[in-house]
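Following: one structure in structure tokens, then a few remarks.
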2 protein chains.
Amino acid sequence: MAETARGTESRYGNRPTMKDVAARAGVGLKTVSRVVNGESGVTPDTERRVQEAIEALGFRRNDSARVLRKGRTASIGLVLEDLADPFYGPLSRAVEEVARAHGALLINGSSAEDPDREQELALALCARRVDGLVVIPAGDDHRYLEPEIKAGVATVFVDRPAGRIEADTVLSDNFGGARDGVAHLIEHGHRRIGFIGDQPRIHTAAERLRGYRAAMEDAGLTVDEAWVSLGTTDAGRVRTAAEAMLSGPEPVTAIFAGNNRVTVTVVRVLAGLSGPVALVGFDDFELADLLQPGVTVIAQDAAALGRTAAERLFRRLDGGQDVAPERIELATRLIARGSGEIGPAR
Amino acid sequence: MAETARGTESRYGNRPTMKDVAARAGVGLKTVSRVVNGESGVTPDTERRVQEAIEALGFRRNDSARVLRKGRTASIGLVLEDLADPFYGPLSRAVEEVARAHGALLINGSSAEDPDREQELALALCARRVDGLVVIPAGDDHRYLEPEIKAGVATVFVDRPAGRIEADTVLSDNFGGARDGVAHLIEHGHRRIGFIGDQPRIHTAAERLRGYRAAMEDAGLTVDEAWVSLGTTDAGRVRTAAEAMLSGPEPVTAIFAGNNRVTVTVVRVLAGLSGPVALVGFDDFELADLLQPGVTVIAQDAAALGRTAAERLFRRLDGGQDVAPERIELATRLIARGSGEIGPAR
DNA sequence: TCCCGGGCTGACAACGTTGTCTAGGCTCTA
DNA sequence: TAGAGCCTAGACAACGTTGTCAGCCCGGGA
């Protein structure tokens, strides 16, 4: 009825652009841009007219176009193993907080521990032109990221080191933590100690196993290979492994569990047993203190890992493109709660 | 030394574009586009030349530009309360899986239970032109999303309903679940039952309280307002509340905990007590079965909430823009483990 | 009165990609 | 052998925004 000549004023699925706003406010395109971005040099009266048009049309700036023009997306990517794993929640959250403090958005995805999926995800994030990337590696060859890093994508690896490329890395002291945990069991009189861990191709698993062996060796103990079990961390596999090393003529009297999932399964197995078996687990978990007995753990600080990595990333973005890659290792902490202090049955 | 006339071949921070690839391969721009997108109509020989140029330059398509041209981003946003909360991990993961199945990327952010931050985040996601939005509301007024929804952003609310707008919503049966849980305690002989919940402005908290009151009323019991405590779910507040209702001349003999964080804190309080107090908590949590006694809970299926919401969202994106908003309510399930079956002390 | 300077404003190109359209070369058939 | 038809390839505009630059208008000083 009124002026229909104006064009596509917000047809369904057809969002208004600055051009529409400009037309409606009777100003130039660039003036709208100035108002939207809070730049100076616009008369209060003009600004008001533009604001009204924005309001009326429900305009929102298209950041894709903006990114295209400006080159930076103000977003970073996070590739982790599984968001549903309680270890990664706090880590992810910490990264997000740092990103937020730098005005960036976090895009994340789960690799499900699959190297191909990790690569697919990381490259998809690069295609969105994230400014930086935090990666918890699933694979062990990251040369596919080389062109991206060279092109300026700040990249930091967390929890596990990058494979076959130089890059910033933030790790926990997996070796030292495991060694301390096993030493703790040895101190309490154990000689036959089992180790149940994740697949050996995973760096953390390998390091923790190394720590186990080192502690045993330091104490002059020989490891019976029947005490060592590596593989997936699903409950069935872990249960079988635990039951195997707890039975037989020379059963282990203590178990070192290689990560939180393993620990929980082992707790369940031990709960069905009569005799006392000692347990120390890598990774702390909620309620560990409320179990009977409380579960002694090697705690790593997931939030600190995330925070450290993200801060490193933004330091690189804020100028320091050419600093040499660094490897940062965070200490672990033994939290004694009882399960590690059980002496061996005689 | 050789041909420098070619231009900016991948200067640091200056990524190669299709134009660069085209120049290097000696073909037209559009041909590169065809190869990159796997379109047909390119000679094997030409394709090989282009692939080599891509490889050599480390080219990767700029999705920002692509999005700008095509209109769809193949990404959806998730606004939730806190990624570090174990309840949201599986939910987020479920949304991600559905998104992945539809070839979309998930961008998520935490509102930290702050309505302003929720709005800021949701609108930032809209500015990135996500195709859809899954929101776990922190605020109770979502009219700010109206222009976005009208413009075609498929939006689904989860866990709590949208405020003051019509939109798809996926909820648990908070009222029914709480009523069942409290009825369970009443069945086991309790008459004085406490309720510790989240802030009443949060929909789930209000519904659960309503369920509590309904169960009490159904059983002909009067609620002493000293038994009801609502507020933040930090451990200090909850501990104080629990201790208050457990002391005095007429202490409660059972507690219904309004969510997982409350439950855990209450478990800790009860662990320090001598007398038996019954407990039922809303939300299941890992290891609930391993505590002594096992904790009886009302379980909701976080993954199903996320999956249902995401599927609804994509159904809307894949054509059904104009279906009327729907409210889907998922059933809860009482899992009896012992703590709810304790009879009242006499 | 004229000129100069400063403050607002808008025209225009560019960012990197994709859709459309046209040109050219080839094969196949009559 | 000529024409039709198909297949490959490239030129060009457009997506929505921002940086650059030039023009306009107004007030003040000479």
Side-chain angles (χ1 to χ4, degrees), chain A residues 7-11 13-50 53-54 57-74 124 126-129 151-152, chain B residues 7-11 13-50 53-54 57-74 126-129 131 151-152:
Chain A
T8 52
E9 288 210 1
S10 110
R11 255 207 312 267
N14 210 346
R15 310 196 57 140
T17 71
M18 286 192 177
K19 208 157 113 187
D20 300 324
V21 174
R24 170 143 187 156
V27 302
L29 185 53
K30 181 67 211 203
T31 301
V32 176
S33 171
R34 274 191 266 261
V35 171
V36 168
N37 294 296
E39 291 171 27
S40 63
V42 181
T43 320
D45 181 58
T46 311
E47 172 162 1
R48 190 186 43 72
R49 288 215 317 284
V50 172
I54 289 176
L57 296 175
F59 167 81
R60 186 161 315 283
R61 182 180 63 197
N62 184 332
D63 273 357
S64 286
R66 174 170 223 254
V67 160
L68 179 58
R69 191 61 235 254
K70 305 204 75 158
R72 278 230 174 159
T73 55
C126 290
R128 310 258 158 159
R129 292 294 184 269
Chain B
T8 53
E9 287 212 2
S10 110
R11 255 207 313 265
N14 210 349
R15 309 195 57 139
T17 72
M18 287 192 177
K19 209 157 113 187
D20 299 324
V21 174
R24 170 144 188 155
V27 301
L29 184 54
K30 180 66 211 206
T31 300
V32 176
S33 171
R34 274 191 267 261
V35 171
V36 168
N37 293 296
E39 289 171 27
S40 62
V42 181
T43 318
D45 181 58
T46 310
E47 173 162 1
R48 189 185 44 72
R49 286 216 317 285
V50 172
I54 289 176
L57 295 175
F59 167 81
R60 184 160 316 282
R61 182 179 64 197
N62 184 331
D63 273 357
S64 286
R66 175 169 222 255
V67 159
L68 178 58
R69 190 59 234 258
K70 306 204 73 156
R72 277 227 175 161
T73 55
C126 289
R128 309 258 158 159
R129 292 295 185 269
D131 299 332

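Proteins get letters first, then strands, A, B, ... in listed order; numbering begins at 1 in each.
Distance check, rounded to the nearest 0.5 Å: CD of B:E39 to OG1 of B:T31 gives 10.5 Å. Atom CG of B:L29 and atom CZ of B:R34 lie 10.0 Å apart (nearest 0.5 Å). For the atom pair CG (A:N62) and OG1 (B:T73), the distance works out to 9.5 Å, reported to the nearest 0.5 Å. To the nearest 0.5 Å, atoms CZ (A:R66) and OG (A:S33) are separated by 8.0 Å.
Considering all non-hydrogen atoms of both residues, A:C126 and B:R60 come closest at CB-CD, 4.1 Å.
Residue-level contact check: B:V42 touches the backbone only, with heavy atoms under 4.0 Å from sugar-phosphate atoms and none from bases. Looking at heavy-atom distances under 4.0 Å, B:D63 makes no contact with the nucleic acid at all. Among the atoms of the strands shown, none is found under 4.0 Å from any heavy atom of B:S64. Across all strands shown, A:V36 has no heavy atoms under 4.0 Å from either base or sugar-phosphate atoms. Contacts of A:V27 with the nucleic acid, taken as non-hydrogen atoms under 4.0 Å apart, involve only primed sugar atoms and P, OP1 or OP2.
Atom pair A:L29:CG and D:dT18:P shows a separation of 9 Å (rounding to whole Å applied). The separation between B:E39 atom CD and C:dT17 atom C1' is 12 Å, rounded to whole Å. Put simply, CZ on A:R49 is 15 Å from P on C:dC8, counting in whole angstrom units.
Between C:dT9 and A:T46, a contact under 4.0 Å exists linking OP1 or OP2 to a side-chain N or O. The side chain of B:T43 places an N or O atom within less than 4.0 Å of a non-bridging phosphate oxygen (OP1 or OP2) of D:dA9. Applying the 4.0 Å criterion to OP1 and OP2 of D:dT17, one finds that A:S33 has every side-chain N and O outside that range. For the pair B:T31 and D:dG10, the criterion of a side-chain N or O lying under 4.0 Å from OP1 or OP2 is met.
Distances were taken from every side-chain heavy atom of B:R34 (C-beta onward) to each of D:dG10, D:dT20, C:dG19; the shortest belongs to D:dG10.
Here the rule is side chain to side chain contact (heavy atoms under 4.5 Å, CB included) with B:V35, and of B:R49, B:M18, B:E47 only B:E47 fits it.
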Protein-nucleotides 14-16 of chain C N/O pairs under 3.5 Å:
from	atom 1	to	atom 2	distance (Å)
C:dA14	N3	A:R69	NH1	3.2

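Both B:G26 and A:K30 lie near DNA chain D, and the one whose nearest nucleotide falls closer to the 5' end is B:G26.
Taking the charged nitrogens against the carboxylate oxygens, B:D20 and B:R24 have no contact shorter than 4.0 Å, which rules out a salt bridge.
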